[in-house]
2 protein chains.
Amino acid sequence: MCCEATMIQALRERGMRLTPQREMVLHVLHEIPNDATAEEIHARVSRLSPAVDLSTVYRTLDLFTELNLVSSFKQADGDQRFELLTIHAPHFHLLCQQCGELSSVSISELQPLASQLFQTHRFELKMEHLIIPGICAKCSSRTA
Amino acid sequence: MCCEATMIQALRERGMRLTPQREMVLHVLHEIPNDATAEEIHARVSRLSPAVDLSTVYRTLDLFTELNLVSSFKQADGDQRFELLTIHAPHFHLLCQQCGELSSVSISELQPLASQLFQTHRFELKMEHLIIPGICAKCSSRTA
DNA sequence: CTATATGCAAATGCTTTGCATATCC
DNA sequence: GGATATGCAAAGCATTTGCATATAG
């Protein structure tokens with residue numbers, strides 16, 4: 001799989017090592033539909049190898065985030081969540097500040113804003129890291 | 001101030017009490033430009049009355065949130081933040097992922113995206129809470 | 001008076017860190 | 001062989017909770 005090759009290269013470039021733990025975390029991230037907490041990822045890794053520590057999972061996820069393999073963000077409930085950047089079509093997220101629901105939106109909807117910000121501010125919007133806060137349909141109808 | 005009257009009435013309706021602590025938290029919220037953490041709010045209250053406990057601040061902010069005086073939300077970094085509902089920031093932020101520079105942009109530039117997201121997803125973008133990640137002009141010219 | 005609110009201290013839940021040991025290159 | 005990673009246990013940090021006391025109405 002291309003992710004693994006990417007990871008191996010990125011690790012080599014930095015003099016870092018390919019360990020079974022890192023392979024397992026990467027593998028497990030492919031099985032997860034959307035995003036997951038470190039606990040969830042750890043639980044899945046544990047099925048493959050029970051000795052792997054939660055702290056290792058955290059360290060690995062942080063590493064992957066730096067390597068740009070994973071995006072990491074916090075939901076409204078405060079849980080930090082992680083997902084593979086490559087697995088899905090390019091998208092950004094809407095985060096409901098009330099219920100914490102996270103939904104994905106194709107980056108095509110962002111294109112106009114991206115051009116706008118580049119034209120007026122020379123700012124290159126990183127669309128896949130964008131999390132837009134607001135109130136989702138369910139919550140706003142509940143309140144209204 | 002009108003907020004205070006609103007608070008008093010809301011408290012009365014529920015058989016709750018008007019305490020100095022609640023008054024101070026409400027007062028302090030007016031001094032804060034945008035939004036603040038519980039710690040920041042507590043620090044300001046402490047200047048008025050050092051004995052007030054952080055837990056009381058949390059309880060008060062939760063209460064105000066229920067009373068709809070305050071909006072409470074978590075930023076993407078996970079910090080929970082609070083702000084008076086009556087105060088609105090006229091801008092959102094661009095955050096450079098390389099140098100960390102934070103710049104402000106008028107919400108008028110966001111309007112098209114906001115309408116777009118509302119039309120297609122019924123999602124109410126909270127513009128003043130938005131922080132857009134990317135690469136600023138300085139950094140991208142430096143890299144190029 | 002008496003129910004509600006507070007301060008204090010301890011508990012919680014997620015995440016990070018220090019360190020000795022194990023492991024990859 | 002020597003630096004990098006890991007597991008373990010303990011520390012951090014923001015937030016919440018239990019409880020006796022203080023206080024608003």
Side-chain angles (χ1 to χ4, degrees), chain A residues 4 7-28 35-67 69-82 97 100, chain B residues 4 7-28 35-46 48-67 69-70 72-82:
Chain A
E4 182 132 13
M7 170 179 73
I8 291 172
Q9 200 197 338
L11 290 174
R12 289 236 172 95
E13 280 169 8
R14 301 174 180 226
M16 292 173 153
R17 295 176 185 167
L18 178 61
T19 62
Q21 290 87 340
R22 288 173 179 170
E23 284 185 299
M24 284 187 282
V25 170
L26 185 64
H27 174 78
V28 149
D35 52 79
T37 64
E39 291 274 7
E40 285 159 8
I41 293 163
H42 178 241
R44 281 172 189 264
V45 170
S46 294
R47 277 180 234 145
L48 304 175
S49 172
V52 177
D53 197 69
L54 223 202
S55 66
T56 299
V57 171
Y58 273 107
R59 287 188 276 229
T60 303
L61 289 168
D62 287 349
L63 172 65
F64 285 178
T65 302
E66 268 180 52
L67 300 185
L69 289 166
V70 157
S71 86
S72 118
F73 53 90
K74 296 223 186 195
Q75 280 199 333
D77 61 5
D79 282 6
Q80 186 158 17
R81 307 189 72 90
F82 304 88
Q97 295 185 325
Chain B
E4 182 130 15
M7 171 178 72
I8 292 172
Q9 199 196 337
L11 290 174
R12 288 237 173 93
E13 281 170 6
R14 301 174 180 227
M16 291 172 155
R17 293 175 185 171
L18 178 60
T19 64
Q21 291 88 339
R22 287 171 180 171
E23 283 184 301
M24 286 187 279
V25 170
L26 185 64
H27 173 79
V28 148
D35 51 75
T37 63
E39 291 273 7
E40 285 158 6
I41 292 162
H42 177 241
R44 281 171 187 266
V45 170
S46 294
L48 305 175
S49 173
V52 177
D53 197 70
L54 224 200
S55 67
T56 300
V57 172
Y58 274 107
R59 287 187 276 227
T60 304
L61 289 168
D62 287 350
L63 171 64
F64 286 179
T65 302
E66 268 180 51
L67 300 184
L69 290 167
V70 157
S72 123
F73 57 92
K74 297 226 184 195
Q75 281 199 333
D77 66 1
D79 281 5
Q80 185 158 17
R81 308 190 72 92
F82 303 88

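Naming: A, B, ... by sequence-line order, numbering from 1 per chain.
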* To do: Check DNA chain D against residues 42-50 of chain A and give the residues with a non-hydrogen atom under 4.0 Å, in numerical order.
  => none
* To do: To the nearest Å, give me how far apart CG (A/Leu63) and P (D/dA5) are.
  => 8 Å
* **For atom CD of A/Gln80 and atom C1' of D/dA14, their distance in whole Å** => 14 Å
Give every donor-acceptor pair under 3.5 Å between a side-chain atom in residues 49-58 of chain A and any protein atom, sequence neighbours left out.
unit_1, atom_1, unit_2, atom_2, d
A/Asp53, OD2, A/Ser55, N, 3.0
A/Asp53, OD2, A/Ser55, OG, 2.6
A/Ser55, OG, A/Arg59, NH2, 3.2

* Please report, rounded to the nearest Å, how far the P atom of C/dA11 is from the CG atom of B/Leu54. => 18 Å
* Asked: Rounded to whole angstroms, how far apart are CG on B/Asp53 and C1' on C/dC8?
  -> 7 Å
* Atom CD of A/Glu40 to atom P of C/dT15: distance rounded to whole Å? -> 11 Å
* Structure fact -> Applying side chain to side chain contact (heavy atoms under 4.5 Å, CB included) to B/Thr37 and not counting sequence neighbours gives B/Glu39, B/Glu40, B/Asp79, B/Arg81
* Inter-axis angle, terminal five-pair segments of the helix from C/dC1-D/dG25 to C/dC25-D/dG1 [nearest 10°] -> 30°
Under 3.5 Å donor-acceptor pairs involving side-chain atoms of residues 18-25 of chain A, not counting sequence neighbours:
unit_1, atom_1, unit_2, atom_2, d
A/Thr19, OG1, A/Arg22, N, 3.2
A/Arg22, NH1, A/Arg17, O, 2.7

* Structure fact -> Rounded to whole Å, the CZ-P distance (B/Arg14 to C/dA5) equals 11 Å
* Atom pair CE/CG of A/Met16 and A/Leu63 - distance to nearest 0.5 Å -> 5.5 Å
* Asked: Base, sugar-phosphate alone, or nothing: which one does A/Ser55 contact when heavy atoms must sit under 4.0 Å apart?
  -> base
* Considering all heavy atoms, the nearest A/Ile41-A/Phe82 contact -> CD1-CB, 4.1 Å
* To do: Evaluate side chain to side chain contact (heavy atoms under 4.5 Å, CB included) for B/His27 paired with B/Leu48, printing each intermediate quantity in order.
  => CA-CA 10 Å; B/His27 173 79; B/Leu48 305 175; 4.2 Å; yes
* For A/Arg12, which residues count as a salt bridge (charged side-chain N to carboxylate O under 4.0 Å, His left out) partner, sequence neighbours excluded? -> none
* Answer whether the closest heavy-atom distance between the side chains of B/Leu11 and B/Met7 falls below 4.5 Å. => yes
* Check: A/Leu67 and A/Arg14 side chains under 4.5 Å, non-hydrogen atoms -> yes
* OH of A/Tyr58 versus P of C/dT17: gap in Å, rounded? -> 13 Å
* Structure fact -> B/Gln9 meets the side chain to side chain donor-acceptor pair (under 3.5 Å) criterion, sequence neighbours left out, with B/Glu13
* Value in whole Å for how far the C1' atom of D/dT16 lies from CG of B/Asp62 -> 9 Å
* With the sugar-phosphate defined as primed atoms, P, OP1 and OP2, and the base as all remaining atoms, what B/S/- string results for nucleotides 19-25 of chain C, 5' to 3', for protein heavy atoms under 4.0 Å? -> ----BBS
